[in-house]
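Got a structure for you, written out below as structure tokens; questions coming shortly.
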Amino acid sequence: MKYVKIILLLILFLNNLGANASDNLHKIKSLLEGRYELVYWKQDNIKFNYPIVAGTLIVKDNNISFTLDNNIKENKTTKIIAWGNYTLSSKKYNYSFFDFKKVTAKEKDIKISRDLPWRGFREYTIEFKKGNLLLTSMTGKQTWQLDENSLIYKDKEWGEEKKQILRYWKRVK
């Protein structure tokens with residue numbers, strides 16, 4: 001009888017762990033997945049708004065798409081269009097792009113690059129801080145902070161110039 005009680009307690013404990021992981025994954029997905037529009041971009045302590053910068057980000061059903069228009073530098077426009085995939089568990093978020101196009105226009109000179117910004121998946125740890133979902137890359141250089149209304153993306157080495165940037169995205173339902 002003693003062993004039956006121990007086995008029952010163990011089964012209840014393991015079922016509870018599984019339910020908590022499932023609830024946690026549902027909460028993560030509800031904060032992560034959605035459609036976002038870029039509100040502003042901060043770089044070199046300067047805040048840039050539309051139409052200087054514009055963009056969309058969609059994270060849904062293991063797919064990610066990203067567009068970005070950057071007119072921060074005078075007489076130069078950079079447009080990025082990217083498609084990729086992501087995986088998600090209650091502890092890790094990983095994403096990668098399989099198609100990436102960067103178009104740079106400076107006066108009449110137009111360059112198109114299809115080089116991926118990195119190879120393979122960029123891996124993030126997942127945690128909750130003060131009701132926000134916080135995704136931190138394994139290098140610590142990129143973070144996503146999400147709540148039900150917004151996503152704040154910080155990158156300590158964005159682009160070819162390795163600039164420190166912050167992008168504030170609003171969730172569009």
Side-chain angles (χ1 to χ4, degrees), residues 28-89 92-127 132-173:
I28 293 166
K29 279 183 119 175
S30 72
L31 290 172
L32 174 66
E33 291 190 334
R35 182 177 184 277
Y36 300 87
E37 290 182 358
L38 185 61
V39 175
Y40 66 85
W41 172 317
K42 263 181 105 171
Q43 177 177 307
D44 300 326
N45 292 321
I46 302 169
K47 186 175 173 183
F48 301 95
N49 297 299
Y50 180 84
I52 303 297
V53 294
T56 60
L57 172 67
I58 300 171
V59 181
K60 186 74 174 165
D61 298 329
N62 297 56
N63 296 299
I64 186 167
S65 64
F66 174 69
T67 66
L68 188 62
D69 284 3
N70 177 337
N71 299 291
I72 292 173
K73 290 187 177 179
E74 196 171 321
N75 298 322
K76 181 180 177 185
T77 298
T78 302
K79 296 181 180 288
I80 295 173
I81 303 168
W83 293 271
N85 301 107
Y86 70 89
T87 62
L88 182 65
S89 72
K92 293 207 185 297
Y93 169 67
N94 306 296
Y95 78 99
S96 70
F97 295 119
F98 57 81
D99 191 356
F100 192 89
K101 294 175 186 72
K102 179 179 176 183
V103 179
T104 306
K106 189 172 185 179
E107 297 176 11
K108 294 181 181 182
D109 184 30
I110 297 175
K111 294 180 183 174
I112 300 172
S113 171
R114 288 177 164 73
D115 294 338
L116 296 173
W118 65 85
R119 298 273 180 229
F121 282 87
R122 182 175 277 172
E123 186 174 320
Y124 289 77
T125 59
I126 295 175
E127 65 180 305
N132 292 329
L133 176 63
L134 184 63
L135 309 175
T136 305
S137 69
M138 299 311 279
T139 64
K141 294 181 180 176
Q142 296 83 20
T143 59
W144 298 31
Q145 181 181 326
L146 300 106
D147 62 27
E148 57 191 32
N149 299 312
S150 64
L151 183 162
I152 300 170
Y153 174 78
K154 294 180 184 176
D155 195 330
K156 294 180 181 175
E157 57 177 27
W158 168 256
E160 295 166 6
E161 297 171 343
K162 306 292 184 198
K163 293 280 188 173
Q164 186 166 334
I165 59 106
L166 177 147
R167 289 195 297 259
Y168 181 87
W169 303 82
K170 72 177 176 179
R171 182 186 297 267
V172 180
K173 302 263 178 182

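Note that the numbering runs from 1 along the sequence shown for the chain. For the numbers below, each heavy atom of this structure counts, side chains included, while hydrogens, waters and symmetry mates do not.
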* Asked: Side chains of Tyr36 and Tyr153: does their closest heavy-atom pair fall under 4.5 Å?
  ->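 No, their side chains stay 4.5 Å or more apart.
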Val53/Asn71 under side chain to side chain contact (heavy atoms under 4.5 Å, CB included): CA gap, chis, key distance, verdict: CA-CA 6 Å; Val53 294; Asn71 299 291; over 6 Å; no
| Measuring from Arg114:CZ to Ile81:CD1, what's the distance to the nearest 0.5 Å? |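 The CD1 atom of Ile81 is 10.0 Å from CZ of Arg114, to the nearest 0.5 Å.
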Original post:
With side chains defined as the heavy atoms from C-beta onward, is the minimum distance between Thr77 and Asp69 less than 4.5 Å?
Top reply: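 No, every pair of side-chain atoms sits at 4.5 Å or beyond.
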For side chain to side chain contact (heavy atoms under 4.5 Å, CB included), just list the numbers for Trp41 and Ile52, CA-CA rounded to whole Å, side-chain angles, deciding distance to a tenth of an Å, and then say yes or no. CA-CA 9 Å; Trp41 172 317; Ile52 303 297; over 6 Å; no
ask   = Do Val103 and Ile112 have side chains that get closer than 4.5 Å, going by heavy atoms?
value =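 Side-chain contact under 4.5 Å: yes.
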Can you tell if the side chain of Gln142 reaches within under 4.5 Å of the side chain of Glu157, non-hydrogen atoms only?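 The answer is yes; the side chains approach within 4.5 Å.
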Exercise. Report yes if the side chains of Leu32 and Trp144 come closer than 4.5 Å at any heavy-atom pair, otherwise no.
Key: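 Side-chain contact under 4.5 Å: yes.
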>> Set out, in order, the CA-CA distance, both residues' side-chain angles and the distance that settles side chain to side chain contact (heavy atoms under 4.5 Å, CB included) for Met138 and Thr125, then state yes or no.
In response: CA-CA 7 Å; Met138 299 311 279; Thr125 59; 3.7 Å; yes
Query - Tyr86 to Phe121 - nearest heavy-atom pair and separation - result: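 Smallest heavy-atom distance, with atoms named: CA-CE2, 4.4 Å.
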Any side-chain heavy-atom pair of Lys102 and Thr78 under 4.5 Å: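 Sidechains of Thr78 and Lys102: in contact.
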Worksheet item: With a 4.5 Å heavy-atom cut-off, do Val172 and Thr56 have their side chains touching?
Response: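 No, too far: nothing below the 4.5 Å cut-off.
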Nearest-0.5 Å distance, CZ of residue Phe97 to CZ of residue Arg122
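Taking CZ in Phe97 and CZ in Arg122, the distance rounds to 8.5 Å.
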Can you find a pair of side-chain heavy atoms, one from Asn70 and one from Ile80, that are under 4.5 Å apart?
->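 Counting from C-beta outward, Asn70 and Ile80 never come under 4.5 Å.
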